[in-house]
Trainee: 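Have a look at this one.
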Amino acid sequence: MISIQTADFDTGAEIRALQGHGSIGAVVSFTGLVRDMASHGAVTAIELEHYPAMTQRSLETIVEQARSRWPLLGVRVIHRVGYLSAGEQIVLVVVSSAHRHAAFDAAGYIMDFLKSRAPFWKKEYVDGQGHWVEAKVSDESALDRWSQD
Amino acid sequence: MISIQTADFDTGAEIRALQGHGSIGAVVSFTGLVRDMASHGAVTAIELEHYPAMTQRSLETIVEQARSRWPLLGVRVIHRVGYLSAGEQIVLVVVSSAHRHAAFDAAGYIMDFLKSRAPFWKKEYVDGQGHWVEAKVSDESALDRWSQD
Amino acid sequence: MIKLCFFARFREKLGTAEESMTLEGPMTVTALMSLLAGRGGAWQEVFDCPRGIMVAINQEMAALDSTIHDGDEVALFPPVTGG
Amino acid sequence: MIKLCFFARFREKLGTAEESMTLEGPMTVTALMSLLAGRGGAWQEVFDCPRGIMVAINQEMAALDSTIHDGDEVALFPPVTGG
């Protein structure tokens with residue numbers, strides 16, 4: 001259900017794998033890619049570092065929280081680590097549910113928490129120089145829309 | 001960009017086709033499937049009717065509105081018509097953008113308007129008996145969250 | 001002459017997908033519906049009450065008080081349920 | 001003994017990914033950071049100000065006033081930027 005890997009993934013195959021159940025009416029996928037531009041120039045590649053002992057657990061917690069908020073029928077998360085060239089796939093989240101709003105919301109929720117809670121760090125290479133990506137305030141504030149009261 | 005067809009589609013191939021551009025950071029897809037259950041029993045198939053002269057134009061308008069609200073890099077919409085068995089794919093929306101919130105929001109927007117504005121009608125077959133699906137109030141009220149002022 | 005199109009449940013109930021109709025002059029969608037309801041039988045059942053009826057004029061969504069002109073294509077159908 | 005782990009910019013700046021450290025007794029994360037900053041040089045630069053530092057104790061996110069006990073694995077890192 002959750003994979004952290006250096007290998008690439010096949011989005012279509014992962015989506016198909018979640019469509020097996022007859023009561024599924026909606027499948028939403030999110031694919032994150034290495035963009036070729038950063039504020040300081042053209043990005044040729046990135047390097048993704050993670051905290052192996054914690055990353056899997058952190059993603060499991062995020063997925064459990066999503067499952068407790070929405071009636072999901074399937075969840076798949078793949079996050080790559082290591083060197084990735086511009087245009088390569090970084091992350092995949094696929095969620096299936098009976099209804100579309102649950103699937104959309106859960107996929108958005110998982111990505112928002114993954115971005116600001118899961119221990120991954122991105123270094124961008126511009127002209128052969130590595131720069132650690134700074135966290136965006138917008139990633140943290142994106143969590144506000146999921147606060148319940 | 002917009003197809004109305006009887007043939008099935010390959011979600012993975014459609015997503016890959018929208019990933020070509022280097023400034024794309026996020027791709028969101030929605031796949032709608034024929035659920036095997038309705039309120040009145042087990043659904044074996046559905047039949048989708050549309051208004052050929054209007055459907056394409058209606059979807060184009062919805063996509064244009066989404067493009068005017070979010071900075072999108074690619075949009076693909078496929079909606080099937082005719083007989084479809086339980087578990088089959090009905091509709092696909094794929095949106096690519098530099099950033100994930102634009103991609104999520106635009107895909108959700110397109111689906112919400114498609115559901116309540118595009119001229120498609122669904123008949124469900126339960127025990128060989130066809131029943132026209134009644135529109136849900138929730139589909140109309142889903143549009144409220146996109147009202148700007 | 002205008003062209004009338006019926007879809008889904010309406011098409012089945014009325015037993016027809018489209019017809020041509022002579023228009024005396026511009027009229028509202030509501031007036032057209034009254035006229036159709038006046039045919040009695042299934043026509044009255046479908047068009048007696050404008051609630052739950054959607055209308056498109058020349059392939060654009062329209063309202064009950066929209067005006068229909070000669071040469072228009074007017075489609076009458078139940079709320080859509082695609083996707 | 002506790003295990004300290006450093007990631008990303010911190011790991012590079014400190015020139016080390018992890019170390020073992022003897023703990024006199026339970027202490028807060030803030031106290032640990034002061035202690036590390038006291039080493040001077042890159043350590044001071046990284047841990048002088050707790051703003052922009054995230055901490056996990058035994059692989060769970062923790063706060064500046066969380067208590068560290070003997071045997072814990074304490075990870076210190078900049079805000080995450082995955083996905």
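Throughout, a chain's letter reflects where its sequence line sits, starting with A, and its residues are numbered from 1. Here the structure is a predicted model, which means the values were calculated and not measured.
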Trainee: CZ/Arg11(C) to OH/Tyr51(B) distance, rounded to the nearest 0.5 angstrom?
Mentor: 14.0 Å
Trainee: Do Val80(C) and Trp121(B) come close enough that some side-chain heavy atom pair is under 4.5 Å?
Mentor: yes
Trainee: Need one label for Glu60(C): side chain, backbone, both or neither, based on atoms under 4.5 Å from any heavy atom in chain B.
Mentor: both
Trainee: Indicate yes or no for a side-chain donor-acceptor contact from Lys123(B) to the backbone of Ala8(C) under 3.5 Å, with no hydrogens or angles considered.
Mentor: no
Trainee: Write down the atom of Val133(B), the atom of Thr81(C), and the distance for their closest heavy-atom approach.
Mentor: O-CG2, 3.4 Å
Trainee: Give a yes or no on whether Asp127(B) atom CG has more than 12 heavy-atom contacts from other residues, nucleotides or ligands under 6.0 Å away.
Mentor: no
Trainee: Output yes when Arg9(C) and Glu49(B) qualify as a salt bridge under the 4.0 Å nitrogen-oxygen rule, no when they do not.
Mentor: no
Trainee: Which atoms form the tightest heavy-atom contact between Met61(C) and Met54(B), and what is the distance?
Mentor: SD-CE, 3.4 Å
Trainee: Taking atom CE of Met54(C) and atom OG of Ser116(B), what is their separation to the nearest 0.5 Å?
Mentor: 7.5 Å
Trainee: Which region of Ala53(B), side chain (C-beta onward) or backbone (N, CA, C, O), has a non-hydrogen atom less than 4.5 Å from a non-hydrogen atom of chain C, or is it both or neither?
Mentor: both
Trainee: Side chain, backbone, both or neither: which part of Glu47(B) has a non-hydrogen atom closer than 4.5 Å to chain C?
Mentor: neither
Trainee: How many angstroms lie between atom CZ of Phe7(C) and atom CH2 of Trp132(B), to the nearest 0.5 angstrom?
Mentor: 10.5 Å
